[in-house]
Every structure is written in C-alpha cells, then in structure tokens.
Amino acid sequence: MPMLPTNPNNRKDRDPLLVLLMGMGALPTLLILLLITFTIFMVVPFINKPEALPEDGTTTTMSMFRDYYEEAAAKYNIPWEILAAIHAKSPQYTSHASKVSGTVPNVKYKEYIESSLYRWNKDRKYQVTPALVAAVMEQESNFNPNVVSSAGAVGLMQLMPSNCQARKWTIQDCKIPVNNIDRGVELLVNHLNNFNGNIKYTLAAYNAGAGNVKRYDGVPPFQETQNYVKKVPQRMSKFAGETNLAPVKDYIFDLAQTLQEEADSQKGICKKDATQKLGEETVSTYGDNVICGIYKLDSKFTGDGGWDYVNEVASQANLFTGRVTIDGNVKYTGGTLAWPLAPNCPITGRWNERRPGHFHRGLDLACAENTLVRAAGDGVIYIDKDNPGGFGHYLGIKHSNGLISWYGHTIPYGSVRVGTKVTKGQYIGLIRKIGRSTGPHLHFEVHIGLNPSSDARDPLLFLQKK
Ligand SMILES: [Zn+2]
C-alpha cells in the first residue's frame with residue numbers, strides 16, 4: 001500500500017483563542033468558555049453525525065463475473081448490469097457463487113491464507129475468499145516475501161510499517177510470510193465488513209487507505225487505485241479456476257443470447273404495460289424491448305418472474321452501476337424530482353432550520369388551502385396516514401429509482417391511496433392547515449433510504465430547478 005500524503009503544516013504552534021482569553025478579565029473569560037461549551041454540546045453532535053457511505057452492491061463474487069457480463073453485453077447488446085442483476089437473482093447463483101468462494105488450488109502459501117481466513121472471517125457478515133487474498137498478494141508482491149516498495153510497504157501483502165507496528169513487529173518480523181499474510185487478511189476482512197461487502201471500496205481502501213475512500217465517496221480518482229480495483233478481480237477469476245467458472249460463463253452467455261432474442265421480439269409491443277408497471281424513468285433507461293424481454297424470459301433464468309421481478313431486476317441493475325446505492329439509497333446526481341407544488345408557492349422553511357426541540361427535516365412551501373400537490377417522481381404511494389401532533393395527515397411515495405418523498409399537511413387527492421402507482425407530476429394531494437403548522441403549507445421531505453431519521457436529505461438537492 002502506498003503511503004498516504006501527510007500535511008507537514010498541520011502543526012499547532014499557538015492557539016489564538018488562548019492568547020485572546022489570557023488578555024481579558026476573568027468574568028468575560030468564563031462567559032466565553034460557557035459559550036464555547038454550549039456550542040460544542042449543541043452543534044458538534046450534528047456536525048459529527050456519520051454519513052452513510054454510498055454502496056453499489058458489488059460483492060466479491062459479482063466482481064469475478066464482471067468480465068463475462070461485459071463480454072456478453074457487448075456481444076448481445078444488453079446492458080451488463082441487467083445481466084448481472086438477473087444472474088444475482090437466478091436460482092443458479094448460489095451454486096455459482098459457492099464454486100468460486102471455496103479453496104483455491106495450487107496457490108503459494110495456501111495453508112497460511114486458509115488459516116488466517118479461518119481466524120478473521122469467523123462471525124463476520126462478509127467473508128473474504130482465498131481467491132481474493134491470492135489475487136491481492138499477486139498484485140502486491142507477485143508472491144515475493146522480500147519486496148519493499150519505495151513507500152516502505154513490506155512483504156507479500158505489502159503492509160505499511162504502521163500496520164506492522166500495530167502488531168508490535170519489526171520490519172523483519174513483518175516480512176515473515178505467516179505474519180505478513182495474517183495481518184493483510186485481517187485488514188482485508190475489516191475493510192470488506194466496514195464497507196458492507198463492497199469489493200471495489202475494499203480494494204480501494206487496501207490500496208489508498210479507508211480515509212480516501214470516505215473522502216471521495218467511492219474509489220479515489222488516483223490512477224493506481226483505479227487500476228488496482230480492476231486488476232485484482234481479474235486475478236481473482238484466474239485463481240478461482242477455469243473449470244469452476246465455465247458453467248458461470250455458459251449461463252451468462254446463454255442468458256444474454258436468450259434475452260436479446262426476447263427483446264427483439266418485444267420491440268414496441270409492451271411499452272405501455274412496462275411504463276405503467278415500472279415507470280417512465282426505468283423504461284427509458286433500459287429500453288422497453290429489454291424490460292419486456294426480461295418479463296418474457298424463461299423461468300430457468302428468472303425463477304418466479306412477473307412484473308415485480310422485473311422491477312427488482314431493474315432496481316438491482318441501478319445499484320450495480322452506482323445510479324442507486326445499497327438499501328435503495330440514491331446517490332445525488334443532479335435534481336430530477338419535479339417541484340411538488342405550483343412554482344408560485346414560496347419557500348417558507350428550509351432544510352435543517354432550527355425549530356423548537358428539533359431541526360427541520362424538510363422544505364416548506366406555502367400556498368392556499370386545497371392547492372394541488374404533485375408527485376415528485378414516478379413511484380408507488382406507500383404512506384397515506386393521519387399524524388395529529390405533526391403533519392396532520394401525510395403521504396409518502398417510494399420512487400422507482402429508490403428515493404422516498406413525503407408530503408406533510410397533505411390529504412390524498414382523488415383515488416390516491418396506499419398502493420396507487422403514480423407518475424411524475426401527477427396530482428396526488430391537497431394541502432390543508434392541519435397538524436402542527438402556523439399556516440397552510442406543504443412540508444416536503446426527500447429520503448435516500450427507508451430510515452427517515454438518518455436518510456433524510458435537503459430536498460433542494462434533489463429537485464429540478466423551478
Ligand atoms: Zn415543515
């Protein structure tokens with residue numbers, strides 16, 4: 001692992017606040033100290049609230065099949081992420097995955113790798129595979145235990161001196177294969193679990209440090225790291241063995257060919273159905289022929305099938321490309337949501353404003369009672385509920401891209417109820433002066449996942465310009 005750059009100017013010579021305090025009398029000093037304490041207790045908890053790290057659901061196993069998805073996608077003109085999503089949900093996937101997660105044949109230091117994995121994988125949710133360790137080792141040192149990099153990384157797994165010191169090892173101790181592998185495996189297992197099984201982030205963290213993955217919200221833009229996250233999975237496939245991977249490759253190419261045939265036969269035929277079931281955004285992302293082709297696919301690929309299945313495949317495919325994050329969390333990629341109220345209704349409350357006892361979790365738009373409220377995007381109504389002490393009544397939509405939107409002080413309009421499919425811009429409600437409000441307004445929230453308290457975000461980041 002290369003050394004992270006450290007900032008030599010980070011040294012504190014003198015605290016200007018202390019100098020200021022020393023020049024003043026005792027009473028103002030005490031007041032200022034009280035103010036500082038108050039600020040720290042009131043503000044810091046909000047600043048330090050950890051942000052959920054984006055995820056794209058790329059598991060170790062998926063990454064090993066990635067080349068096959070891409071080859072088949074290019075040959076049959078089907079998006080690779082659709083192939084990956086169908087495969088991941090297929091009845092065959094578990095057996096394919098187990099074939100490449102077990103032991104690796106004929107790799108150097110096999111026993112050390114397996115005993116360390118036994119130790120560090122124990123009781124962890126996400127398991128590092130022997131092929132991953134072997135691939136990292138080959139990439140890092142080409143199985144030479146004596147390599148020392150220009151940045152000071154040592155041995156088979158190229159550990160930084162700080163990682164050796166953490167075990168109280170000298171550099172010589174650290175080079176010993178059984179030690180070096182054990183510490184390297186520990187780091188890989190920790191990264192994989194800290195990044196919820198995401199192999200790309202795990203490899204990026206191993207190469208450039210977890211701090212950089214968090215800083216860049218993903219794989220850092222360094223050439224070496226970008227290269228690293230591509231190379232290691234290719235090496236992994238090699239270590240898993242041709243014979244293990246052959247049935248997987250056959251399945252993926254068979255799937256791609258069959259889906260292409262179905263998609264060709266479905267061109268234009270079920271566009272209306274597909275749009276009604278999945279929403280315009282999903283259909284236009286993948287094409288109605290592909291979406292309808294998935295619907296028509298043989299159950300040997302799909303298991304249960306049906307429109308719910310097609311919807312799940314499309315959502316999973318969005319995940320793989322990073323358009324959406326794991327658990328349906330949507331990455332901000334520019335505002336796509338429609339303004340939920342007429343554009344002349346002014347903003348009267350903003351995201352994160354201080355309110356008595358809480359911070360304001362949404363955007364307030366004021367207009368007369370019974371002003372029509374629009375769906376901010378395609379989706380399904382999943383909340384239609386009274387909330388006497390708060391919103392009075394509110395509606396919630398699960399959007400097809402994974403976002404959630406809430407409409408407070410709003411009653412349903414027309415036939416809208418839980419389960420109603422809505423399209424972007426469609427009227428869904430009427431604002432009323434109900435619940436805790438000083439005047440008629442819409443309280444609009446956007447969540448990137450299912451937990452409002454941690455997943456709410458500033459709606460203005462997600463709304464299109466008025
Ligand atoms: Zn509000």
Side-chain angles (χ1 to χ4, degrees), residues 42-43 45-47 49 51-52 328-330 332 334-399 401-414 416-418 420 422 424-466:
M42 294 309 292
V43 177
F46 295 96
I47 295 173
K49 202 178 155 209
E51 284 287 304
N329 289 356
V330 174
Y332 172 67
T336 57
L337 294 183
W339 209 255
L341 214 54
N344 61 329
C345 307
I347 296 176
T348 52
R350 287 181 184 265
W351 163 255
N352 229 7
E353 275 175 2
R354 196 84 196 266
R355 298 284 168 92
H358 71 290
F359 283 83
H360 189 233
R361 214 170 59 188
L363 183 73
D364 289 338
L365 302 167
C367 247
E369 275 207 291
N370 296 323
T371 303
L372 281 159
V373 175
R374 296 168 184 274
D378 293 345
V380 178
I381 302 281
Y382 81 109
I383 296 175
D384 171 16
K385 202 170 157 186
D386 281 335
N387 176 236
F391 299 139
H393 192 97
Y394 69 116
L395 302 172
I397 299 178
K398 275 186 188 166
H399 296 287
N401 63 359
L403 278 175
I404 304 275
S405 59
W406 280 11
Y407 308 78
H409 315 297
T410 301
I411 60 161
Y413 172 74
V416 164
R417 58 187 156 77
V418 168
T420 305
V422 295
K424 184 173 170 178
Q426 178 186 329
Y427 293 137
I428 54 162
L430 300 161
I431 57 174
R432 287 283 168 84
K433 192 184 169 305
I434 46 175
R436 199 171 51 183
S437 74
T438 50
H441 75 280
L442 168 70
H443 170 97
F444 178 65
E445 293 189 11
V446 173
H447 311 157
I448 61 166
L450 288 168
N451 182 1
S453 59
S454 63
D455 295 339
R457 295 292 183 272
D458 183 353
L460 285 178
L461 290 174
F462 292 88
L463 284 167
Q464 290 168 332
K465 293 225 182 312
K466 266 206 268 189

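In each ligand, atom 1 is the first atom listed, and ligand 1 is the first ligand listed. By convention here, the first residue in the shown sequence is residue 1.
Within H443, ND1 is the N, O or S atom that lies nearest to the Zn ion (ligand 1). With respect to the Zn ion (ligand 1), D364 has OD1 as its nearest N, O or S atom.
The shortest distance between side-chain heavy atoms of L341 and V373 falls below 4.5 Å.
With a 6.0 Å radius and a threshold of 12 heavy atoms from other residues, nucleotides or ligands, Y413 has its OH atom at or below the threshold.
Scanning for ring pair (Phe, Tyr, Trp, His ring centres under 6.0 Å) contacts around F444 gives Y407, with sequence neighbours left out. The ring pair (Phe, Tyr, Trp, His ring centres under 6.0 Å) search around H441 returns H409, not counting sequence neighbours.
For the Zn ion (ligand 1), the N/O/S atoms of H409 include none lying under 2.8 Å. With a cut-off of 2.8 Å, the Zn ion (ligand 1) has an N, O or S atom of H360 in range.
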